[in-house]
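As the structure is a computational prediction, the values presented were derived from the model and not from experiment. The residues of the chain are indexed from 1 along the displayed sequence.
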Amino acid sequence: MSEKDSSITRVAPLGEFIMSNHSLVDKLLSLLSESPALAFGEFSNENVFYKEHPVNKEKALKPTVEHLLGIIDKIENDRDFREYVQKNDSSTSTNKVKRELLFHLDTATLKEAKEKVRTDRASKSWYIFEGISYPDLFIENEQYILLVEGKRTEPNKTSQVAYLPNRSQMVRHIENTLNYCKGQKKVIAFYIVEESCSYKDKCASCDLLNELKAETIQKSDELNKKIVDSFYGYTTWQQIAKKLGVKFSD
């Protein structure tokens with residue numbers, strides 16, 4: 001594992017610090033480039049999730065049924081996309097056989113895939129073309145969900161997954177979180193990056209909107225608005241160290 005792995009050198013110290021002093025969440029939110037005008041409030045440490053957490057680890061967020069059905073529909077109706085997915089398919093054994101039938105538009109297989117997506121979203125099944133997402137830091141209370149994607153050495157934001165050439169990592173996290181809480185909680189999502197990050201100016205709501213417009217699987221205007229309304233830009237690890245007093249390793 002890299003000595004500059006942000007999960008260890010950045011996210012874990014922040015998570016530990018926040019669990020020791022819950023009021024730091026509001027200070028963290030005040031540092032955001034598009035800071036929300038709200039008080040996050042109290043939460044239980046049982047509802048804090050990150051990779052190096054001694055018990056919880058990362059929060060696992062399933063893709064929505066609508067998104068997975070959208071992939072199947074696009075495979076069925078868009079030849080270029082179908083060929084792209086087929087070319088990138090790395091499945092083996094039974095999965096490979098079923099997917100080949102799907103790529104050849106076998107009617108029964110298409111029907112079966114759609115039915116199974118609606119009833120069983122087991123992540124490694126032949127009819128699933130996008131897996132679970134894992135935000136770097138996830139904190140939940142009765143009203144809000146804080147959702148962080150941390151970057152340190154990455155040269156760019158993540159903008160695709162195995163079978164989708166355009167799939168924003170942040171859009172994916174927010175979409176899955178809105179589905180997880182059934183729209184009943186306010187999601188507060190943002191990036192934390194290095195001060196020297198070359199793409200800080202691409203971490204604004206207008207940029208997320210452009211990413212939504214480019215998504216391989218398009219969403220409704222209503223969902224797009226909810227996703228953009230859940231995003232609050234970025235802050236930096238250096239600002240956090242200075243303002244919150246978190247000590248990060250090099």
Before accepting this row, confirm whether a basic side-chain N of the pair K200/E195 lies closer than 4.0 Å to the acidic partner's carboxylate O. yes

Test salt bridge (Lys or Arg N to Asp or Glu O under 4.0 Å) applied to E149 and K151, step by step: CA-CA 7 Å; E149 183 57 36; K151 302 293 185 185; 3.6 Å; yes

Could you please spell out the steps behind the salt bridge (Lys or Arg N to Asp or Glu O under 4.0 Å) verdict for D89 and K96? CA-CA 8 Å; D89 182 33; K96 189 71 172 180; 3.6 Å; yes

Got a sec: does the CD of E46 have more than 12 other heavy atoms crowding it under 6.0 Å? no

Taking all heavy atoms of G233 and all of S33, pick out the closest pair and write down the distance. CA-OG, 3.3 Å

Give a yes or no on whether a salt bridge exists between K213 and E215, defined as a side-chain N under 4.0 angstrom from a carboxylate O. no

Going by the rule side chain to side chain donor-acceptor pair (under 3.5 Å), which residues pair with T109 if we only count those two or more places apart in sequence or in a different chain? D106

Assess whether side chain to side chain donor-acceptor pair (under 3.5 Å) is satisfied between E52 and S7, documenting all intermediate values. CA-CA 7 Å; E52 299 300 316; S7 296; 5.6 Å; no

Inspect the contact between D207 and K157 and indicate whether a charged nitrogen and a carboxylate oxygen are less than 4.0 angstrom apart. no

Salt-bridged, E130 to R172, with N to O below 4.0 Å? yes

Between F129 and R99, is there a cation-pi geometry (under 6.0 Å to ring centre, at most 45° from the normal)? yes

Is the shortest side-chain N to carboxylate O distance from D120 to K116 below 4.0 Å? no

Do V187 and K226 have side chains that get closer than 4.5 Å, going by heavy atoms? no

Ion pair check, R167 and E175, cut-off under 4.0 Å: yes

Look at atom NZ of K57 and say whether more than 12 heavy atoms of other residues, nucleotides or ligands are closer to it than 6.0 Å. yes

Are K114 and D73 ion-paired here, with the side-chain N under 4.0 Å from a carboxylate O? yes

Around atom CG of N77, are there more than 12 heavy atoms of other residues, nucleotides or ligands at under 6.0 Å? yes

Quick one, E76 with R82, criterion salt bridge (Lys or Arg N to Asp or Glu O under 4.0 Å). Give me CA distance, side-chain angles, the key distance, then yes/no. CA-CA 7 Å; E76 181 178 8; R82 181 167 62 249; over 6 Å; no

Give me the ring orientation class for F81 and Y84: parallel if the planes are under 30° apart, tilted from 30 to 60°, perpendicular past 60°. parallel

